[in-house]
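Scroll down for the structure; my scribbles are underneath it.
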Amino acid sequence: MEEEIFNLLKEISKNGNIKDIPSTKINPTQRKLDNEKERRFNVLIKHGLVSNNGNGIFIITEYGYDVAKHNSWIEYLNHRKDVADKKSKKEKYDLHISWFQSKTGWLPYLLSLISIGIALWSLLISNKKTEDKEHNQLNNILTQKPIKDTNSSTNNIENEKVVDKDTFHLRNQDQK
């Protein structure tokens, strides 16, 4: 697409529409310019970028807006080519994924069973460690030796068995 035609498309896309009916003046240079404008509008209409509503007002189409986003017609064509290539690659990858899923439909079930087995195994191990820890704590409590008071002022066995302090003090005073 020529640059003048693309510039006309950009001008129409900025305004949304354009009212530019070629005049039919007798001046030969003006007639030549009008014929050129008419040719540009006809090219845009032919490619579906603008439409004429019948009153000489040219309205840009959705396709025209899409083309006008780019800096040139060649850039738009390159963009469309890239989009088509990416769609083709996506379809190819989708086919490969579908094939893999159809051949390995059992794989998710296998992975689920393995993960359930690992979870149960780790639960058993943690329960066993907890039981061992509790058992060791209980054994430590039961096997502790009584603490002897080496700083006691008396060596009397009866005094060591007394719990009440008042009674302990009374017995110590009677013996003196």
Side-chain angles (χ1 to χ4, degrees), residues 1 3 5-7 9-17 44-51 59-176:
M1 191 180 282
E3 189 172 335
I5 297 172
F6 195 79
N7 290 338
L9 177 66
K10 280 190 151 187
E11 180 183 341
I12 296 171
S13 71
K14 287 178 186 174
N15 300 329
N17 61 32
L44 291 175
I45 291 171
K46 177 184 170 190
H47 288 291
L49 301 171
V50 296
S51 64
I59 301 170
I60 191 164
T61 62
E62 188 175 328
Y63 178 58
Y65 276 117
D66 192 29
V67 173
K69 288 180 191 174
H70 302 281
N71 292 329
S72 69
W73 181 253
I74 293 171
E75 185 179 318
Y76 172 75
L77 292 177
N78 288 337
H79 171 72
R80 296 308 308 161
K81 182 182 176 211
D82 290 343
V83 168
D85 289 344
K86 288 178 182 177
K87 280 184 181 179
S88 174
K89 285 181 182 180
K90 182 186 179 300
E91 289 174 358
K92 179 182 172 185
Y93 292 144
D94 285 345
L95 287 173
H96 287 294
I97 289 171
S98 296
W99 176 85
F100 180 76
Q101 287 175 340
S102 69
K103 297 297 179 186
T104 59
W106 49 267
L107 186 62
Y109 300 114
L110 177 67
L111 293 175
S112 297
L113 288 174
I114 291 171
S115 64
I116 289 171
I118 290 172
L120 290 174
W121 181 63
S122 65
L123 182 65
L124 290 173
I125 288 175
S126 79
N127 283 343
K128 185 178 179 186
K129 285 183 180 179
T130 305
E131 287 175 2
D132 289 344
K133 185 177 178 183
E134 289 174 356
H135 182 68
N136 287 338
Q137 287 177 349
L138 186 60
N139 282 340
N140 286 342
I141 291 171
L142 294 175
T143 58
Q144 283 181 351
K145 296 180 181 177
I147 300 173
K148 292 185 179 180
D149 189 14
T150 56
N151 295 332
S152 177
S153 60
T154 62
N155 290 330
N156 193 349
I157 295 175
E158 293 177 19
N159 288 336
E160 291 180 2
K161 293 181 180 178
V162 175
V163 177
D164 190 12
K165 289 183 178 180
D166 293 333
T167 310
F168 177 75
H169 289 297
L170 291 174
R171 286 190 181 173
N172 278 338
Q173 288 178 0
D174 288 342
Q175 290 178 357
K176 288 186 182 182

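Since the model is a prediction, treat every value here as computed from it, not as a measurement. All residue numbers refer to positions in the sequence shown, counting from 1.
Electrostatic pairing of D82 and K86 does not count as a salt bridge here, judged by no charged N lying under 4.0 Å from a carboxylate O.
In terms of modelled atom types and a separation under 3.5 Å, the side chain of S115 and the main chain of L111 share a donor-acceptor contact.
Listed here is the closest heavy atom pair of S122 and A119: OG-O, 2.9 Å.
Here the CD1-NZ distance, from I97 to K92, works out to 12.5 Å after rounding to the nearest 0.5 Å. Rounding to the nearest 0.5 angstrom, the gap separating the NZ atom in K129 from the OG atom in S126 is 8.5 Å. Remark: L123 CG to K128 NZ distance equals 14.0 Å, nearest 0.5 Å.
Residues satisfying the side-chain contact (heavy atoms from CB on, under 4.5 Å) criterion with I74, sequence neighbours excluded, are S72, N78. With sequence neighbours excluded, the residues forming a side-chain contact (heavy atoms from CB on, under 4.5 Å) with I114 are L110, I118, listed by chain and number.
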